[in-house]
Amino acid sequence: MLDLKYIRQHPEEVKEALIKRNEMAPIDEILELDERWRTLLADVQGLKHQRNVTSKEISQMKEKDQVLIEEMRRLGEEIKALDQEVKSIEEELNRLLLQLPNLPHPLVPVGKDESENVIVRQEGEPREFDFEPLPHWDLGPTLGIIDFKRGVKLSGTRFYILQGLGAKLQRALITWMLDLHTQEQDYKEIYPPFVVKEEIMLGSAQLPKFYDNLYHDVEDDIWLVPTAEVPLTNLHRDEILEPGTLPLHYVAYTPCFRREKMSAGRDVRGIKRVHQFDKVEMYKFTTPEKSDSELEAMITDAEEICRQLGIPYRAKQLCTGDLGFAAAMAYDLEMWAPGCGEWLEVSTLSNCRDFQARRANIRFRREPGAKPEFVHTINGSGLALPRTMIAILENYQEPDGSIVIPPVLRPYMGGLEKIPAHRRADI
RNA sequence: GGAGGGAUGGCAGAGUGGACUAUUGCGGCGGUCUUGAAAACCGCAGUGGGCGUUAAGCCCACCGGGGGUUCGAAUCCCUCUCCCUCCGCCA
């Protein structure tokens, strides 16, 4: 959420920044409401002051003045009416503010859409194949490690089953990534709930805008997380962190649930875009002046996963037109997948600055007794599992159809070096 | 799921309609004393918002959330959430 006071004081700057994101923001409407709100608020506060003073006078009278009390009763009614009006303006104002995306960081390249993102780095040479590399949607079923049909049978389109060494490979990846982030890097592991309350979705800015993309249980009014970013953002909700607490680095493995209503018809084959997937997510709470460098550090941490897996990848800085709703600055990491022939987005790393902190009311003090300030928050995948699996299967495939297991994962696979090509007859 | 008890400031814990401008203790900050520290003593305190130039200052709101009664609510009523105890069920 943007700061209403900031919008009030810098309306033109806010408008221009949002135009860079291709946003039609109702800034004028907000300013108008704000004006009315402040006028009414001043009025009603004056009346309340009068009531407070007079009530005190009444309390000190030996003989109650019935005329005065009657007058106060009418004042009370007037206050109640005005209060309601103030509240309804606040609600409208809040509704509009919750729909405004974050302002782009001044250093973000201006661009209309993803075609204007900037490749900032590329590492690892795409492997030369002396045979035609297969896409994972062929490899998986042939190897007997992905079962699309039974996934659909159980849960419908865009669900799948991992089995045997496929399931084990994913589990190995999760454990290895968590170990890397917690042991070689400085993240604290969190096991959060996978369902959360509505206000938690509002706090990390999934709601109200992405309502269509979330699974919601109406009976208990509870929401399935689309990413661990949601519970992690809200870990310190409504807290004031004491001096010296920041930065905080967290990492969590969770399944992620997405309805993908907005992507109907896109990426329908394979496991690139599915309703349920696993992800290891990094998250940081920092001071405002450190958030830029902490984002850079997190990108390096995510790249380390790509590097150690030995998969060619590139880092892209997102232009203003492609930034996520809550992000002020963001980078994508993409792994090369030779089978389906595309760069797969395996991580988006974003600095949200104080946007989520303001929504979730997460603050810190610089010094004991100092005024609380909003923290900055940073999130990034490290990494999303299905796409990492795709990249491994497609990059490490052999002519005989087997898959070489990346060396870093072998200790997590019981020393296994290959997923063999032959499959068991009963599956 | 059933029955009962709770929620007050950083923490503990009083307060059952007007002196609450929330008692007190601990902790915190500043000071006095001291070579220094402790102790003792004195003083200051939270959060959000409006007005005001970004100052001084004035004002409003906040005792788990929301609503109500009243001239006036931490206090009375309704409702929701969460916590605790016991019972039932359960991996």
Side-chain angles (χ1 to χ4, degrees), chain A residues 1-11 13 30-98 191-203 207 216-223 231 234-246 288 354-375:
Chain A
M1 184 143 69
L2 301 182
D3 182 8
L4 177 58
K5 235 183 266 177
Y6 190 84
I7 298 174
R8 189 187 295 154
Q9 287 160 1
H10 310 87
E13 182 192 326
I30 287 170
L31 290 172
E32 209 172 292
L33 281 169
D34 175 54
E35 191 67 42
R36 264 179 64 207
W37 173 68
R38 283 184 294 147
T39 306
L40 284 173
L41 193 63
D43 289 350
V44 75
Q45 284 183 355
L47 296 183
K48 282 179 180 174
H49 177 59
Q50 193 182 327
R51 177 173 69 182
N52 289 345
V53 170
T54 311
S55 288
K56 179 145 279 185
E57 284 169 9
I58 292 174
S59 75
Q60 280 155 1
M61 292 173 181
K62 291 192 190 76
E63 303 232 339
K64 302 297 182 205
D65 180 342
Q66 290 307 322
V67 176
L68 192 57
I69 286 176
E70 175 60 19
E71 219 172 275
M72 283 299 102
R73 200 187 56 74
R74 277 201 300 274
L75 182 65
E77 279 167 8
E78 198 180 336
I79 288 171
K80 191 182 282 185
L82 267 177
D83 259 344
Q84 255 162 30
E85 203 173 335
V86 167
K87 193 177 157 193
S88 82
I89 293 174
E90 275 170 1
E91 279 167 4
E92 179 62 9
L93 209 42
N94 205 250
R95 194 184 66 78
L96 293 173
L97 285 173
L98 283 174
Y191 172 82
F194 303 158
V195 295
V196 296
K197 296 187 273 189
E198 179 177 349
E199 70 214 60
I200 301 304
M201 286 290 183
L202 281 165
L207 284 177
H216 178 208
D217 173 55
V218 176
E219 193 168 355
D220 288 332
D221 192 19
I222 199 145
W223 304 71
N234 289 277
L235 268 188
H236 296 291
R237 183 186 185 81
D238 293 326
E239 290 181 26
I240 300 174
L241 302 169
E242 288 309 314
T245 311
L246 297 174
D354 63 0
F355 188 81
Q356 292 178 321
R358 183 169 275 112
R359 287 181 169 231
N361 192 28
I362 311 159
R363 294 172 294 169
F364 77 105
R365 284 186 220 277
R366 290 179 187 277
E367 307 292 339
K371 273 276 164 219
E373 296 173 51
F374 289 110
V375 302

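Atoms considered below: every heavy atom in the structure, side chains included; atoms not considered: hydrogens, waters and symmetry mates. By convention in this document, chain letters (A, B, ...) are assigned in the order of the sequence lines, proteins followed by strands, and residues within each chain are numbered from 1.
- Using a 4.0 Å cut-off between charged side-chain N and carboxylate O, Lys87(A) and Glu90(A) make no salt bridge.
- For the P atoms, the distance from A61(B) to A73(B) is 9 Å, rounded to whole Å.
- Considering only side-chain atoms of Met72(A), the nucleotide from C71(B), C59(B), G48(B) that sits closest is C71(B).
- Using atom P as the reference point in both G49(B) and C44(B), the two lie 26 Å apart (nearest Å).
- Using a 4.0 Å cut-off, some side-chain N or O of Lys56(A) falls inside it from OP1 or OP2 of U21(B).
- Rounded to a whole Å, the CG atom of Asp34(A) is 8 Å from the P atom of C51(B).
- Rounded to whole Å, the distance from CD on Glu199(A) to P on G65(B) is 13 Å.
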Evaluate the criterion side-chain hydrogen bond (donor to acceptor under 3.5 Å, both in side chains) for residue pair His10(A) and Glu13(A); output intermediate values, then yes/no. CA-CA 5 Å; His10(A) 310 87; Glu13(A) 182 192 326; 4.7 Å; no
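- Remark: Arg363(A) is not in phosphate contact with U47(B), judged by side-chain N or O atoms under 4.0 Å from OP1 or OP2.
- Nearest nucleotide to the Lys48(A) side chain, out of C60(B), C71(B), G49(B): C60(B).
- Nucleotides of RNA chain B nearest to Thr54(A) and Asp3(A) differ in position, and the one nearer the 5' end is that of Asp3(A).
- Residue whose closest nucleotide on RNA chain B sits further toward the 5' end, between Arg38(A) and Arg74(A): Arg38(A).
- One atom, NZ of Lys80(A), and another, C1' of A61(B), lie 17 Å apart when rounded to the nearest Å.
- Comparing the P positions of C84(B) and U8(B) gives a spacing of 14 Å, expressed to the nearest Å.
- Distance CD1 (Ile69(A)) to P (C71(B)): 7 Å, rounded to an integer number of Å.
- Looking at Arg36(A) and Glu32(A), no side-chain N of the basic residue comes within less than 4.0 Å of a carboxylate O on the acidic one, giving no salt bridge.
- For His49(A), no side-chain nitrogen or oxygen approaches OP1 or OP2 of C59(B) to under 4.0 Å.
- Taking atom P in both G5(B) and G9(B), one finds a spacing of 23 Å when rounded to whole Å.
- Distances shown here put a side-chain N or O of Arg365(A) below 4.0 Å from the OP1 or OP2 atom of U47(B).
- Nucleotide C58(B) has G50(B) as its partner under the Watson-Crick or G-U criteria, with both atom distances under 3.5 Å.
- In this structure, Gln66(A) places its CD atom 9 Å from P of C71(B), rounding to the nearest Å.
- A12(B) and U24(B) make up a base pair, with Watson-Crick or G-U wobble contacts both under 3.5 Å.
- A56(B) and A38(B) have their P atoms separated by 32 Å, given to the nearest Å.
- Going from the P atom of A3(B) to that of A91(B) covers 25 Å, rounded to whole Å.
- In this structure, Asp43(A) places its CG atom 12 Å from P of C51(B), rounding to the nearest Å.
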Checking side chain to side chain contact (heavy atoms under 4.5 Å, CB included) for the pair Leu4(A)/Ile30(A): CA distance, chi angles, key distance, verdict? CA-CA 9 Å; Leu4(A) 177 58; Ile30(A) 287 170; 3.9 Å; yes
Asn361(A) and Arg359(A): CA distance, side-chain angles, deciding distance, side-chain hydrogen bond (donor to acceptor under 3.5 Å, both in side chains) verdict: CA-CA 6 Å; Asn361(A) 192 28; Arg359(A) 287 181 169 231; over 6 Å; no
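- Of all nucleotides listed (C60(B), C71(B), G18(B)), C60(B) comes nearest to the side chain of Asn52(A).
- Residue Arg8(A) is classed as a sugar-phosphate contact, given heavy-atom separations below 4.0 Å to backbone atoms only.
- Between Glu77(A) atom CD and U70(B) atom P the separation is 9 Å, expressed in whole Å.
- Looking at Arg366(A) and Glu373(A), a side-chain N of the basic residue comes within less than 4.0 Å of a carboxylate O on the acidic one, giving a salt bridge.
- Between the P atoms of A14(B) and G6(B), the separation comes to 12 Å (whole Å).
- Pair check for C86(B) finds G2(B); Watson-Crick or G-U wobble, both atom distances under 3.5 Å.
- Within 4.0 Å of Lys87(A), counting heavy atoms only, lie sugar-phosphate atoms of the nucleic acid but no base atom.
- When heavy atoms are screened at a 4.0 angstrom cut-off, Ile58(A) is found touching base atoms of the nucleic acid.
- Ion pairing of Glu78(A) with Arg74(A) is absent here, as no side-chain N (NZ or NE/NH1/NH2) approaches a carboxylate O to less than 4.0 Å.
- Rounding to whole angstrom units, CD of residue Glu239(A) and P of U47(B) are separated by 16 Å.
- Side-chain N/O atoms of Arg51(A) include one lying less than 4.0 angstrom from OP1 or OP2 on G72(B).
- For G48(B), the OP1/OP2 oxygens have a side-chain nitrogen or oxygen of Lys371(A) closer than 4.0 Å.
- Taking atom P on both C62(B) and G68(B), the two are 13 Å apart, rounded to the nearest angstrom.
- Comment: Arg95(A) engages Glu92(A) in a salt bridge, judged by a side-chain N to carboxylate O separation of less than 4.0 angstrom.
- G30(B) and C42(B) make up a base pair, with Watson-Crick or G-U wobble contacts both under 3.5 Å.
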